[in-house]
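These notes concern the structure reproduced below.
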Amino acid sequence: MQVRRPAESGVALCADESGATSEVMVDLVGHVAPGDWVLVHAGAALQLVENPTGFRQ
Amino acid sequence: MRFVDEFRDADLGQVLASEIVTTVEPGRHYKLMEVCGGHTHTIYKYGVDDLLPENVELVHGPGCPVCVIPMGRVDDGIAVAHEENVIFTCFGDMMRVPGSRGTLLEAKAEGADVRMVYSPLDALRIARDNPDREVVFFAVGFETTAPSTALTLMRAKAEGIRNFTCFCNHVTIVPPLRALLESPDLRLDGFIGPGHVSTVVGARPFEFIPADYGKPIVIAGFEPLDLLQAVHMILLQLRERRCEVENQYKRVVPYDGNPEALRVLEEVFELRPHFEWRGLGFISSSGLKLNDAYADFDAELRFPVPGIRVADPKACQCGEVLKGVISPWECKVFGTACTPERPIGTCMVSSEGACAAYYNFGRFAREREVV
């Protein structure tokens with residue numbers, strides 16, 4: 001998912017490839033900024049990734 | 001390669017398929033197991049197994065955490081859902097898993113307040129919004145989803161929330177792999193390692209597979225080319241008489257996984273002495289429970305839980321599917337008495353289940369082998 005809004009208290013707003021947004025806990029991936037891509041499972045970001053399976057924008 | 005369509009490129013797939021053909025020893029039969037529901041899904045969606053030569057067989061292991069939950073535990077969840085004042089939350093898949101007397105969805109129809117959530121954070125929000133109700137979260141999943149549960153419980157504790165508990169059914173990946181390797185039923189040549197569990201635990205925990213059992217394992221990504229490349233890497237190891245843990249999914253999986261995720265797991269959970277797995281029986285140290293520091297958030301301590309073991313229905317062969325002993329279409333009730341609309345077993349219910357994947361991608365017409 002892509003970070004859209006930075007984290008407050010460890011929770012950032014992220015969007016999936018359809019554009020749907022949800023709150024994601026980012027405590028486990030260090031600092032994230034809008035535009036960063038993260039691998040998310042069940043509402044928690046597990047790794048910062050380089051849009052490895054992203055769709056062409 | 002940076003975009004997903006590149007990882008699904010059919011021409012590249014054919015190139016990899018040709019390389020695989022040149023790598024196999026003719027006359028030798030290879031049995032490779034994948035232990036990740038996401039991999040099962042990709043294999044059937046993109047027909048990855050159709051691109052492999054006849055003598056390379058992919059079998060599915062217990063990689064779907066919903067599929068391995070025994071009926072008795074579903075009954076326990078339903079019992080808690082029927083407790084007074086409870087809002088029972090769970091992922092969508094869990095709502096349709098049959099217990100011995102129905103599903104959570106049916107319990108909802110009977111009046112239990114059962115709500116679907118996408119993350120434990122949604123469940124915590126419900127608890128905050130409903131301070132006079134008891135909110136329970138049915139936690140399932142391997143090490144991929146356990147960190148999310150842990151982080152949510154840590155937040156609940158920090159905020160002093162008193163009406164939120166977790167019915168914990170998290171499981172760990174290494175013990176069932178060991179159980180399979182010890183099983184006389186299976187003769188596996190190698191493993192396709194789970195891609196997202198590895199982002200948490202890393203590649204290191206799988207070193208025992210080559211070291212103790214002499215089998216190669218390649219951690220793979222989730223696109224069809226990832227899986228083809230991983231199969232090729234396993235076959236190369238076998239041809240070159242190498243035996244090691246390799247990481248095809250380096251773009252996402254570090255060797256050490258996510259140390260902070262492992263730390264939060266340790267902060268909240270401890271291993272149960274043993275836990276029952278559908279099809280595999282009781283496996284030591286394979287399930288997680290909340291530790292003493294989080295006892296206030298343990299649903300099994302707050303609510304009465306029947307804890308009765310329930311045998312699978314006689315017709316159900318989920319256990320054999322989960323061990324890779326049979327393929328979905330070899331199950332006697334596959335596509336007939338057991339369909340996604342009216343499932344008998346978990347492998348047909350869960351989106352990560354082998355049977356559901358087979359059925360939903362239109363592959364149920366395959367002829368059954370005479371055994």
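By convention in this document, chain letters (A, B, ...) are assigned in the order of the sequence lines, proteins followed by strands, and residues within each chain are numbered from 1.
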Cut-off 4.5 Å, heavy atoms of chain B, and the answer for Leu39(A) is side chain

Heavy-atom distance under 4.5 Å between the side chains of Ser148(B) and His41(A), does that happen here? no

Honestly, the part of Val11(A) sitting under 4.5 Å from a heavy atom of chain B is both

Might you confirm whether atom OH of Tyr118(B) has over 12 heavy atoms from other residues, nucleotides or ligands at distances under 6.0 Å?
no

Residues 156-165 of chain B vs chain A, non-hydrogen distance cutoff under 4.5 Å, contacting residues -> none

Has Asn258(B) got a side-chain atom pairing as donor or acceptor with Leu28(A)'s backbone, closer than 3.5 angstrom?
yes

Here the gap from Glu23(A) atom CD to Leu121(B) atom CG, rounded to the nearest 0.5 Å, amounts to 6.0 Å

So, the part of Phe91(B) with a heavy atom under 4.5 Å from chain A: the answer is side chain

Please examine the side chains of Val49(A) and Arg251(B), heavy atoms only from C-beta on, and report whether any two atoms are closer than 4.5 Å.
-> no

Under 4.5 Å to a heavy atom of chain B? For Ser9(A) that would be backbone

Ranking Val264(B), Leu151(B), Thr145(B) by heavy-atom pairs under 4.5 Å to chain A gives rank one to Leu151(B)

Pair count under 4.5 Å, heavy atoms only, with chain A: among Gly141(B), Pro254(B), Gly257(B), Gly221(B), highest is Pro254(B)

Exercise for the section: Please assess Asp27(A) against Arg263(B) for the test salt bridge (Lys or Arg N to Asp or Glu O under 4.0 Å), listing each intermediate value before the final yes or no. Expected result: CA-CA 12 Å; Asp27(A) 316 72; Arg263(B) 194 195 65 73; over 6 Å; no

When the 4.5 angstrom heavy-atom criterion is applied to Thr149(B) and chain A, the contacting part is neither

query = Would a distance-only check, ignoring hydrogens and angles, find a side-chain to backbone donor-acceptor pair under 3.5 Å from Gln47(A) to Thr199(B)?
reply = yes

